[in-house]
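What follows is a short report on a single structure.
Bear in mind that the values here come from a model prediction, so they are computed numbers and not experimental data. Computation of the quantities below employed the complete heavy-atom set of this structure, encompassing side-chain atoms and omitting hydrogens, waters and symmetry-equivalent molecules.
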Amino acid sequence: MGNLMGSWRYKEPSTVEECDSTWETDSESDEHQPGGEEEDSGISESMSPADAVRGAEHSDADEMKRSFYAAKDLYKYRHSYPVKIQLAENSLSFYPSPNEYRNLRFYLNKIPLVPDGIYIEEILTKWRGDYEKLEHNHTYIQWLFPLREQGLNFYAQELTQDEIKEFQSTREAKRRFLLAYTIMLDFFGIKLLDKNGNVARALNWQDRFQHLNESQHNYLRITRILKSLGELGFESFKLPLVHLLLEEALVEGTLPNMRHSALEYFVYTLRQHAQRRALLRFAQRHYQPPENFIWRPPKKKRIPASGSTVMKAGKNEVVERSVGKARSPREGRNNLEREADDMDERKSGEWKTAKGSMVLQEVRGRVDLEEYIETIPL
């Protein structure tokens, strides 16, 4: 056992803002962080959970307040559970031995889930389309989508860093994990389109969306699925799914009850700042009423001018071009906002999911889903 307190570095966030670095740089470059992954909060202004609620008294509290619980939970996830990392650094006995990798062994069909005694192959071959079973059984989801945190099924084991590495290097486990993902997507009325994680409405979308809009406990399942995708090597699958759900909730109006969960939880499972910002900008353009959208970037302090135009070093090229051409600070900001919107529109083209029966076709003409999954490089 190492000196646990001697090297303790983690500081528990105490405000919503300390949990959220989405707008830390407010640029699409993220040049200071490879890949734009979240590393620290970078928060300069603080607001307590109570202040956040008081500031929303003019509107519906449940819709407007930023949940500190949600922000803190997603902060820990995006930062790979810093307390667990610190404990692992200070204790050689913190993680289980390799033969206790119950999540991996479950996905290799060597042990059943507990307490039901069901093997993964039975779920993959017999549960698809059994919506009653998928809806009312509450023990399987922690086994299908494991995390480094405890769920409602206390028989399920939390993931560890070592087990994650083993899982990601095991083709059979990843193949079954993707099949489990497609089963849950189908349960929600969604279809996996390709190896990049793009999704669209499934043939059964109308019935399933109606159920999903009314059965809100499934929003917790979606959050867990998104987290698990990131843990087990499918981080890139999150963006298409969250964008589709936001589009259905805010634009199409098929999932209106989901919009708060999508903005408070789903978006913040994404680890890259730029992706979260793009999703929130998309949501802000479609949110009604617009004045109630509270996930916008915080107000920035004015920088005293020294000369005609003051620019911080390292600013995004779009910012430099917009301000450089501006005839006034107001016009410069308007140009910047227009260019940012144009950039979002161009990016959103990559996510657009076609609607209507014309696109509800089998992926590349394949009928057998498992055969298709076999072709995905893992």
> Y155, L144: one ILVMFWY side-chain cluster at the under-4.5 Å cut-off?
Replying inline: yes

> Would you say the side-chain atoms of D207 and Y131 include a donor-acceptor pair closer than 3.5 Å?
Replying inline: no

> Which atom pair, heavy atoms only, marks the closest approach of G197 to P240?
Replying inline: O-CB, 3.4 Å

> CD/Q284 to CG/L250 distance, rounded to the nearest 0.5 angstrom?
Replying inline: 11.5 Å

>> Hydrophobic clustering (ILVMFWY, side-chain heavy atoms < 4.5 Å, transitive) - are V251 and M258 grouped together?
In response: yes

> Between T254 and R201, which heavy-atom pair has the shortest distance, and what is it?
Replying inline: CG2-NH2, 3.8 Å

> Are S228 and F234 close enough, and set up right, to give a side-chain contact (heavy atoms from CB on, under 4.5 Å), and what steps lead you there?
Replying inline: CA-CA 8 Å; S228 192; F234 296 94; over 6 Å; no

> Taking atom CZ of F188 and atom CD1 of I222, what is their separation to the nearest 0.5 Å?
Replying inline: 4.5 Å

> With ring centroids as reference points, do Y265 and Y219 lie under 6.0 angstrom apart?
Replying inline: no

> Taking atom types as modelled and ignoring hydrogens, do the side chains of T160 and D162 form a donor-acceptor contact shorter than 3.5 angstrom?
Replying inline: no

> Taking it one step at a time, do D73 and K227 satisfy side-chain contact (heavy atoms from CB on, under 4.5 Å)?
Replying inline: CA-CA 11 Å; D73 174 68; K227 287 181 176 180; 2.8 Å; yes

>> Test of understanding: clusters of I, L, V, M, F, W, Y form through side-chain heavy atoms closer than 4.5 Å, transitively. Do Y69 and L220 belong to the same one?
In response: no

>> Give me the atom names and distance for the closest heavy-atom approach of P112 to G117.
In response: CB-C, 3.4 Å

>> Please evaluate residues R105 and Q157 with respect to the criterion side-chain contact (heavy atoms from CB on, under 4.5 Å), reporting the C-alpha separation (whole Å), side-chain torsions for both, the decisive distance (0.1 Å), and the verdict.
In response: CA-CA 11 Å; R105 290 163 63 203; Q157 188 179 77; over 6 Å; no

>> Between Q275 and H243, do the side chains contain a donor N or O and an acceptor N or O under 3.5 Å apart?
In response: no

>> In the structure I gave you, are the side-chain heavy atoms of T22 and Y268 within less than 4.5 Å of one another anywhere?
In response: yes

>> If I compare all heavy atoms of R221 with all of L134, which pair ends up nearest, and what's the gap?
In response: NH1-O, 2.7 Å

> Can you list the residues that meet the ring pair (Phe, Tyr, Trp, His ring centres under 6.0 Å) rule with F145, with sequence neighbours excluded?
Replying inline: F177

>> Name the residue from Y119, F167, Y140, W143 that meets the ring-ring contact (aromatic ring centres under 6.0 Å, His included) definition with F106.
In response: W143

>> Once rounded to the nearest 0.5 Å, what's the spacing between atom CZ of F209 and atom CD of E248?
In response: 4.5 Å

> Is there a donor-acceptor pair closer than 3.5 Å between any side-chain N or O of T170 and the backbone N or O of A173?
Replying inline: no

> What orientation do Y77 and Y81 show, parallel under 30°, tilted 30 to 60°, or perpendicular over 60°?
Replying inline: perpendicular

> Is there a side-chain contact (heavy atoms from CB on, under 4.5 Å) between E252 and H286 once you walk through the steps?
Replying inline: CA-CA 10 Å; E252 302 298 333; H286 301 285; over 6 Å; no

> Hey, are the side chains of K110 and L104 touching, using non-hydrogen atoms and a 4.5 Å cut-off?
Replying inline: no

> Does any non-hydrogen side-chain atom of F187 lie less than 4.5 Å from one of E135?
Replying inline: yes

> Do you see a donor-acceptor pair shorter than 3.5 Å between the side chains of Q216 and S261?
Replying inline: no

> How many angstroms lie between CD in E235 and CG in L270, if you round to the nearest 0.5 Å?
Replying inline: 6.0 Å

> Can a salt bridge be assigned to the pair R271 and E231 using a cut-off of 4.0 Å between side-chain N and carboxylate O?
Replying inline: yes

> Roughly how far, to the nearest 0.5 Å, is CZ of R175 from CD of E172?
Replying inline: 4.0 Å

> Does the pair E149/K76 count as a salt bridge with the N-to-O cut at 4.0 Å?
Replying inline: no

>> If we check side chain to side chain donor-acceptor pair (under 3.5 Å) with S14, which of these qualifies: E12, E18, E17?
In response: E18

> Are the side chains of S21 and H273 in touch, meaning some heavy atoms are under 4.5 Å apart?
Replying inline: yes

> What closest approach, in Å, do D194 and N196 show between heavy atoms, and which atom pair accounts for it?
Replying inline: OD1-N, 2.9 Å

> With a 4.5 Å limit on heavy-atom distance, are the side chains of Q161 and R148 in contact?
Replying inline: yes

> When rounded to the nearest 0.5 angstrom, what distance separates NZ in K195 from CG in L178?
Replying inline: 12.5 Å

> So do Q150 and Q142 actually touch side chain to side chain, heavy atoms under 4.5 Å?
Replying inline: no

> Does atom CD of E214 have more than 12 heavy-atom neighbours, drawn from other residues, nucleotides or ligands, at distances under 6.0 Å?
Replying inline: yes

> Donor-acceptor pair, S215 side chain versus L212 backbone, under 3.5 Å?
Replying inline: no

> Quick one: does E264's side chain get under 4.5 Å of W295's, heavy atoms only?
Replying inline: yes

>> Tell me if a side-chain donor or acceptor on N103 pairs with a main-chain N or O of P146 at a distance below 3.5 Å.
In response: no

> Quick one: does D186's side chain get under 4.5 Å of N204's, heavy atoms only?
Replying inline: yes

> Considering the options L179, I183, L185, which one meets the side-chain contact (heavy atoms from CB on, under 4.5 Å) requirement together with Y181?
Replying inline: L185

> Of the non-hydrogen atoms in K238 and T269, which two are nearest, and what is the gap between them?
Replying inline: NZ-O, 2.7 Å

> Is any NZ, NE, NH1 or NH2 atom of the basic residue among R102 and E163 found under 4.0 Å from an Asp or Glu carboxylate oxygen of the other?
Replying inline: no

